[in-house]
Structures are given as structure tokens and as C-alpha cells.
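For this chain, numbers begin at 1 and follow the sequence in order. Computation of the quantities below employed the complete heavy-atom set of this structure, encompassing side-chain atoms and omitting hydrogens, waters and symmetry-equivalent molecules.
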Amino acid sequence: MECSNTKLIKPNPNISEIVSKLAKVCTLKSIGVFSSELPNLHHLHKPVCDNASVSGNTSSVASDDNRSHGQKIHPHPIEFEVPKGEGFCAGLEIMKIFDVVSAIKLAYLELQQAHIPYDPHKVVSADKRVSAELEKLCKFKVEYKEKQCRIAMLNAGRFDRLRSEIKAKEALLGKLKGKNNVKDSKILRLQQELHDLEMVNKNLTEKIKRINKMKNASVSSVAKFHEVFEASSMSIHDFAKPLISLMKASGWDLDAAAKWIENDAVYVKRGDKKYAFEAYIARRMFHGVSLRSYDVGDVVKFDDPIDALMENPDSDFSKFCRIKYLLVVHRTMEESFFGNLDHRSLVSNGKHPRTEFYQLFTKMAKWVWVLLGSAASIDPNATMFYADNGSTFSSLYMESVNVEREIAEQGTYSVQFMIMPGIKIGQTLVKSQVYISKQSEAL
């Protein structure tokens, strides 16, 4: 027979295995059709992309199908959408693969047709077509793997660069976090310093206010010194009043006491003996003191000198008050006034009782203290001068407390005793205060 003389070409076993696997994947279903339907077989393969080789093969297969026998086997048509937009190139490759797969399916269909009836030449031809299409598919696979390898290598390089950049960014982030922590710590420290500075400024503001108050209250001119001198004299007068009242209430003989203070004094009026007690107090307050410059603002800023003593119990003013109180108020006097020596005991121990009697004393002590410190502050060479008992009254150096100046200047008066000493500041004389009487009366 003719078929026995024809040399059969054994297909490649690997390709046959691929064909068998592809047959399972394609899952072609063979159905019987009429020969009248054979001309419409060309619609089974419509290439998606314009490929000349694939289109040529498809056309030849379609022509062979039109000339085939009465019973045909054909696959179901393949329908898919062409992707657009991004990834269009990848979509073209996929369409080419689908074209090849479609060609394989048609070649495989042709291979099946070659077996019914069996035609060795057609079997070999169909087998070659199937092998060629499979090789195309394998070529696509190899190209795809190579492309994926190149992409993987490219991505690996990009990943390495990204890792390097990430590490650099993380290192930079760590540095920035460290700097941020340092800045936060610095901000907290600066906030604390700002708070401390605000507290210091607040304290300085209060201190400046106190200094300004002290400056305003301090004696910086001779005119103000005259006012301080008058205030000192008035404070001695104010303390003498309760002292005389207490002596009178305690049963003291005021005439004898006045005579004890100034034995040879001649009084114009009986009521003038109060000046003897004022002289006694002034004599004690100015005893043993000297004019020296010191800050009187710490005392002047308080209306109540007890507050100054409480604020600084160890100050020079506190010591001055203690010494002068013990010197002015004799223990016999205090015991007769209050029936005890509590004031004396407290003052001796550096305490300052807030009683009415002691407050009057501290007010007097305050103005004497300010007078002594202010004189030397205005003039370091300031001096005190005194009027001797029995000396002739001179209106240039003296001021009478009991006789008006015009009358005193017209007559001849003698000094019975001095109450307040005079002070010389530069070319200015602050007159001493004296009690006077006419010389004829004194004789």
C-alpha cells in the first residue's frame, strides 16, 4: 500500500509530551458537524494582533479545513479583551501568546483531523506545525524568564539602592531624633532658666521699688534734714508725754524728778518742767553717739519701726533700740509703771514687744537714728554742738522752746538747759533747742 511505502517520522517524545499536556489544558471537545458548516470554520481563529507568520498559518489551516472531510472537530472560540492604558506592552505580549496558543490549538485540531481518516503526511505536517508553535511558545517562555531575570536583577539593584537610601534615611532620622531630643532638653532648660529669670526680675523689680522708696524717703538735702530734725524733736516730745503720765500715775513726785534732772533750772511757768523730762530723754538718746553715714532706708520704708525690727532683729538699728531703751527707761521706772520688768527682760534678750509704750519709744528711736545717719550722709564732716547751761542765749546757734524768737532776740536770756543739740552741715547750722529765762530771773 502507499501508506506502507511512506517513511513515518517519529515525533519528538518531548514535544509529544508537551502536546499531551497541552491537550489536557485546552480541554478540546470533539463534536460532529455537517459538511455544510465547514466553510465557516475560519472564524475559529481570529488573531488579536497583526502577526504575518501566525496569520499565514491560520489562513492555510482555514483553507485546509474548508477542504476537509464531512466530519469535523473544532474548539470553542477564544474571546478576551485587549488591555489598554498602563501595561499596554505587557498586554501585547499576552496577545501574542494567545495567538500562538490559538495556532497550537488549530494545529492540534489539524493533527486530529489527519487521523480521521489516517493520513501520514498530514500527521507529519500537523506534527511539525504543533512542534513549531510549541517552540514559539517555549521561546516566549525563555524570553519571559530572561526578561523577568533582567527585571529581578534591575529590581535587586534598585532594592539595594533603596536599602542603602533607607539605611541612610534611618541614620539621618536617628540623628534628627537625637537632635530633637537635645533641642527638647534645651527648651526645657531654657524654660526653667526663663522661669528663674522671671523670678529674679520680679525680685529685682520689688527691690528697685524698695530702693526708690528708700531714696525718696532718704534725706538727701539740708531742707529735708530740717524736717528730720523737727520730726526727731517732736518724737521726743511725744514720748515724754506718756512717760510723765505714767510717772504721775505711779505716784512719782514730778517736781522732785524735774529738780533731779535740772537742779539749777529756773522755770518761767510751772508747766515748763515738762521740758526737763524732754531734755532728760534727749540727753540719753544722744549720749555716746557720733555722726556717721549709714543707710537709713531699711528703717524709713516702714511706717511702724517694729516691722523693721522684726524683719532684721540683728540690725544696727535693733542694737540701737536695745541700748537706748535700757538707758532711757530705768528699771525702777519700768517696775513702777508696769509692776514688772518684762519689757526690760525682752529687750535685753534682743526681743521687741509690740506694746503701745514700746512702740512710742521705737518711733522716737527711729527718728533719732535717721537724724544721726542722715547728717553724715549729706556732709561727712557734719558735727554736733551743744549749749552749756547758764550761757547767754544766741539766736544764731540756738532756738528757744518756751520764748518766741522775736522776744528772745530783744531781751537778755540765759540758757537753763539744752533739749536738742545743734548740728552743723557744711555752711548750714541747725540750731540747738534750749529752754531759756531772763538773766534777772535766773539770778
Side-chain angles (χ1 to χ4, degrees), residues 210 213-214 217-219 227-254 257-258 260-261 273-289 294-374 419-421 433:
R210 290 197 301 268
K213 186 177 180 181
M214 288 187 291
S218 64
V219 181
E227 295 176 3
V228 173
F229 186 86
E230 292 297 330
S232 301
S233 175
M234 185 57 65
S235 66
I236 292 174
H237 176 75
D238 292 340
F239 182 70
K241 284 183 178 180
L243 186 68
I244 294 171
S245 298
L246 288 171
M247 291 177 68
K248 186 176 181 179
S250 302
W252 283 65
D253 186 348
L254 297 181
W260 177 81
I261 296 171
K273 291 182 179 180
K274 65 181 180 181
Y275 294 116
F277 293 99
E278 292 181 16
Y280 164 80
I281 295 170
R283 197 174 300 158
R284 294 281 194 244
M285 292 301 295
F286 287 96
H287 174 74
V289 297
Y294 50 78
D295 185 13
V296 299
D298 292 338
V299 179
V300 175
K301 68 180 180 179
F302 293 100
D303 294 332
D304 188 352
I306 294 290
D307 294 334
L309 295 171
M310 292 299 179
E311 184 180 83
N312 193 355
D314 297 326
S315 63
D316 292 339
F317 176 63
S318 178
K319 296 175 183 178
F320 179 78
C321 289
R322 182 174 67 252
I323 294 172
K324 294 305 176 182
Y325 178 83
L326 298 177
L327 190 62
V328 171
V329 184
H330 194 269
R331 60 185 306 118
T332 305
M333 296 173 66
E334 182 178 328
E335 189 173 9
S336 65
F337 294 162
F338 308 111
N340 55 57
L341 299 174
D342 291 347
H343 284 77
R344 194 174 191 84
S345 177
L346 289 170
V347 173
S348 298
N349 292 321
K351 307 296 182 181
H352 301 281
R354 198 179 286 272
T355 62
E356 185 178 357
F357 180 75
Y358 191 73
Q359 280 184 318
L360 288 172
F361 170 79
T362 55
K363 286 182 179 180
M364 175 186 67
K366 165 188 171 181
W367 287 113
V368 174
W369 172 260
V370 173
L371 179 71
L372 295 173
S374 301
I419 301 174
M420 287 284 292
Q433 294 180 349

Query - Pair K366 + D304, salt bridge at N-O below 4.0 Å - result: no
Query - Shortest non-hydrogen contact from M247 toward M333 - result: SD-CE, 4.3 Å
Report task. Answer yes or no: does atom CZ of R354 have more than 12 heavy-atom neighbours from other residues, nucleotides or ligands under 6.0 Å? Result -> yes
**Report entry** Steps toward side-chain contact (heavy atoms from CB on, under 4.5 Å) verdict (I281, L243)
**Finding:** CA-CA 10 Å; I281 295 170; L243 186 68; 3.8 Å; yes
Query raised in the report: Checking K319 side chain against G350 main chain: does a donor-acceptor pair fall under 3.5 Å?
Result: no
Query raised in the report: Out of M285, R284, R283, which residue meets the side-chain contact (heavy atoms from CB on, under 4.5 Å) rule with L327?
Result: R284
Query raised in the report: Roughly how far, to the nearest 0.5 Å, is NZ of K351 from OG of S345?
Result: 11.0 Å
Query raised in the report: Any side-chain heavy-atom pair from K363 and P305 closer than 4.5 angstrom?
Result: yes
Requested in this report: Kindly compute the distance separating CD (Q359) from NE2 (H352), expressed to the nearest 0.5 Å.
Outcome: 13.0 Å
Report summary line: By salt bridge (Lys or Arg N to Asp or Glu O under 4.0 Å), K273 pairs with (sequence neighbours left out) D255
Report task. With the side chain counted from C-beta on, respond yes when V329 and F239 share a heavy-atom pair under 4.5 Å apart, and no when they do not. Result -> yes
Query raised in the report: CD/E335 to CG/D342 distance, rounded to the nearest 0.5 angstrom?
Result: 10.5 Å
Query raised in the report: Do you know which two heavy atoms are closest between F277 and A258, and how far apart they sit?
Result: CZ-N, 4.0 Å
Query raised in the report: Can any side-chain N or O of Y280 pair as donor or acceptor with the backbone N or O of V328 at less than 3.5 Å?
Result: yes
Query raised in the report: Is it true that a side-chain atom of S250 and a backbone atom of L246 form a donor plus acceptor pair closer than 3.5 Å?
Result: yes
Query - Inter-residue atom distance T362.OG1 - F317.CZ, 0.5 Å rounding - result: 6.5 Å
Query - L372 side chain reached by Y294 side chain, heavy atoms, under 4.5 Å - result: yes
Report task. Kindly indicate whether the side chain of E334, heavy atoms from C-beta on, has any atom under 4.5 Å from the side chain of F357. Result -> no
**Report entry** Straight-line distance of Y358 OH to L309 CG, nearest 0.5 Å
**Finding:** 6.0 Å
Report task. Answer yes or no: is there a donor N or O on one side and an acceptor on the other, between the side chain of S318 and the main chain of D314, under 3.5 Å? Result -> no
**Report entry** Residues, nucleotides or ligands: over 12 heavy atoms within 6.0 Å of M310 CE
**Finding:** yes
Report task. May I ask you to test the M420-F229 pair for a side-chain heavy-atom distance under 4.5 Å? Result -> yes
Requested in this report: Specify the closest pair of heavy atoms between W367 and S232, including all atoms of both residues, with the distance to one decimal.
Outcome: O-OG, 2.9 Å
Query raised in the report: Can you find a heavy atom in the side chain of I236 that is under 4.5 Å from one in the side chain of Q433?
Result: no
Query raised in the report: How about P353 and I306: do any of their side-chain heavy atoms sit closer than 4.5 Å?
Result: no
Query raised in the report: side chain to side chain donor-acceptor pair (under 3.5 Å) with S235: which residues, sequence neighbours excluded?
Result: none
Query raised in the report: With a 4.5 Å heavy-atom cut-off, do F302 and V300 have their side chains touching?
Result: no
Report summary line: CH2 (W369) and NZ (K324) are apart, to the nearest 0.5 Å, by 11.0 Å
Report task. Grab the two heavy atoms, one from A282 and one from I419, that are nearest each other, plus how far apart they are. Result -> CB-O, 2.9 Å
Query raised in the report: Which heavy-atom pair separates V296 from V370 by the least distance, and what is that distance?
Result: CG1-CA, 4.0 Å
